[in-house]
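Below is one structure, written out as structure tokens, with a few remarks after it.
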Amino acid sequence: MNVQTHLFSTSPDWLSHTLSHASSELPEVTAQLADGTHIARIAAGALWLTPPADRQNPNREAVIVSAGIHGNETAPIEVLNGLVSELLSGAWPLACPLLLILGNPPAMAAGKRFLDVNMNRLFNGAHGKAEYAHLPEADRARFIEAICRKFAAGHSALALSHYDLHTAIRPSKQERFALYPFVPGRSVPREQCAFLLEAEVGTLLLQHKESTVFSSFSASQLSAESFTVELGKVRPFGQNNLQRFNGIDRALRRRFCGAPASTTQSPEQLTVFEVVHEVLNTGPAFRFHVPDDVSNFTLYPKGTVIWEDGETCYKVGAEPEAIVFPNREVPVGQRAGLMVKVTNRFQAG
């Protein structure tokens, strides 16, 4: 029996197997490639890959890459699936320990963002809240945290990076952008800036506080260099133009192989935004003056009223501000958007 069949039975690839067993509890299965690379399928949509012990790991790193935390964001899922198929065929050698996660298989199979609750609000322990008890997406978030902790502990001598790949439900003035989770006192390493640029991600948004998204968990709890990476627009499986994702495909393949970057990218080439205001739904009187169909990073001039509720009125300050992730439908107390502006204070570490 070849490795592909051993791991994925009659399915032609990892993605097909994951969709076919989206709600199944599968036993762990392990296999070894001809070159000694060890692969463990630890659950549906989760692969732990370890190169042979005598192989060089030039970057002295371990890497977590996730996609499909939102089930309808299919292009990054297809990119990871293609890389797994290449690796299993012997197209290139794996140099670093690697954990690959397809986050929400049931939502992927249903073609939906999520089934019961937005999984990217369930990390950093939020899955334990009473309102999420017994929800499958909360159980999956708990499982994902556990395997990431185990992976990080197993490779504690190596630098840990995590890239959580997404596509957006709305258009964006900056098609590809990354979000850097807030951890007090840290700055973005120069090599991470170079990797983003290599992946054709030219915009970086510095988060202003810890949150319940997956990348915030890995940054704050596992000390990983973590990023949420937005790579384009949501489309169904089979309808993505994967040539538009060549940047992230090439950059990840190089990292997995341990190859040096082909060019040196300067952090100064990134456009860096910082959060200046978090828009919260304050209650029944809350009025959000950003249209539903507005693009991410749409700029608003000085004095523009963004929201008001009878007691508070937020206006754009002295410099233009852009809106990111606007959503007027969020429940009371939750974030309806972020106001951001380009920062001149950014310095890579």
Side-chain angles (χ1 to χ4, degrees), residues 1-9 11-18 26 28-68 76-103 144 147-165 191-192 194-196 198-199 218 222 224-227 229 242 245-262:
M1 183 184 296
N2 65 31
V3 171
Q4 173 100 10
T5 302
H6 187 66
L7 291 171
F8 308 138
S9 186
S11 299
D13 55 31
W14 182 38
L15 174 55
S16 297
H17 181 270
T18 300
L26 301 177
E28 181 172 327
V29 172
T30 62
Q32 187 165 293
L33 299 181
D35 69 356
T37 298
H38 182 269
I39 304 174
R41 192 205 69 210
I42 50 182
L47 297 176
W48 182 326
L49 305 97
T50 308
D54 60 354
R55 182 171 294 161
Q56 292 294 310
N57 181 356
N59 297 322
R60 296 289 302 159
E61 67 176 343
V63 180
I64 301 170
V65 186
S66 50
I77 298 169
E78 293 178 344
V79 168
L80 288 190
N81 185 58
L83 290 169
V84 169
S85 294
E86 289 178 12
L87 178 63
L88 294 185
S89 72
W92 40 265
L94 180 67
C96 64
L98 181 61
L99 181 61
L100 299 178
I101 299 168
L102 302 182
I144 289 172
I147 60 172
C148 287
R149 290 184 191 277
K150 187 175 180 180
F151 182 80
H155 302 293
S156 58
L158 301 175
L160 181 64
S161 296
H162 173 211
Y163 306 102
D164 186 32
L165 309 182
E191 60 270 21
Q192 295 288 352
F195 173 78
L196 292 175
E198 180 186 4
S218 58
L222 306 181
E225 287 297 332
S226 302
F227 298 84
V229 186
L242 292 182
F245 299 85
N246 281 345
I248 190 67
D249 180 74
R250 287 193 303 264
L252 287 175
R253 185 184 296 103
R254 179 191 64 78
R255 288 284 291 278
F256 297 168
C257 295
S262 57

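These figures come from a predicted structure and were not determined experimentally.
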Side chains of V3 and Q32, heavy atoms from C-beta outward: is any pair under 4.5 Å? no
**Study point:** Side-chain touch W14/L80, heavy atoms, less than 4.5 angstrom
**Key:** yes
Sequence neighbours left out, cut at 3.5 Å: what donor-acceptor pairs do the side chains of residues 38-45 make with other protein atoms?
residue, atom, partner, partner atom, Å
R41, NH1, L7, O, 2.7
R41, NH2, P27, O, 2.8

Looking only at heavy atoms, the pair that brings S226 and S218 closest together is OG-OG, 2.7 Å
In this structure, CG of L98 is separated from CG of L87 (nearest 0.5 Å) by 8.0 Å
Original post:
So do the side chains of P97 and L158 get within less than 4.5 Å of each other, counting heavy atoms only?
Top reply: yes
Checklist entry - Any side-chain donor-acceptor pair under 3.5 Å between S9 and H17? => result no
When rounded to the nearest 0.5 Å, the distance separating CD1 of I77 from CD1 of I101 is 13.0 Å
Point to revise | Side-chain touch L222/C148, heavy atoms, less than 4.5 angstrom | key: yes
CG (L100) and CG (L47) are apart, to the nearest 0.5 Å, by 6.0 Å
Of all heavy-atom pairs linking A95 and P58, the shortest is CB-CD, 4.2 Å
* State whether a side-chain donor-acceptor pair under 3.5 Å links Q192 with S161. => yes
So NZ of K150 and CG of L99: to nearest 0.5 Å the spacing works out to 11.0 Å
Subject >> Side-chain heavy atoms of D249 within contact of L242, under 4.5 Å >> reply: no
Those residues at least two apart in sequence (or on a different chain) that pass ring pair (Phe, Tyr, Trp, His ring centres under 6.0 Å) with F151 are W48, H155
Among side-chain atoms of D164 and S66, is any donor-acceptor pair under 3.5 angstrom?
-> yes
Y163 ring center within less than 6.0 Å of F195 ring center: yes
Point to revise | Flag side-chain contact, heavy atom, 4.5 Å: E61 against V63 | key: yes
### Message
Please determine whether side-chain hydrogen bond (donor to acceptor under 3.5 Å, both in side chains) holds for the pair S11 and S16, giving the CA-CA distance in whole Å, both sets of side-chain angles, and the decisive distance to 0.1 Å.
### Response
CA-CA 6 Å; S11 299; S16 297; 5.9 Å; no
message: Within the structure provided, determine whether F8 and D13 are in side-chain contact (heavy-atom separation under 4.5 Å).
response: no
* Do N81 side-chain atoms and L15 backbone N/O form a donor-acceptor pair below 3.5 Å? -> yes
Measure from the side-chain N and O atoms of T37 to the backbone N and O of L33, and report whether any donor-acceptor pair falls under 3.5 Å. no
Rounding to 0.5 Å, atoms CD (Q4) and OG (S89) come to a distance of 9.0 Å
From the list R254, R250, R253, R255, salt bridge (Lys or Arg N to Asp or Glu O under 4.0 Å) with E198 holds only for R254
Tell me whether E86 at atom CD has more than 12 heavy atoms from other residues, nucleotides or ligands lying less than 6.0 Å away.
yes
L252 vs L165, side-chain contact (heavy atoms from CB on, under 4.5 Å): CA-CA, chis, key distance, verdict:
CA-CA 11 Å; L252 287 175; L165 309 182; 4.1 Å; yes
*Below 4.5 Å, heavy atoms only, C-beta onward: do I64 and L160 meet side chain to side chain?*
yes
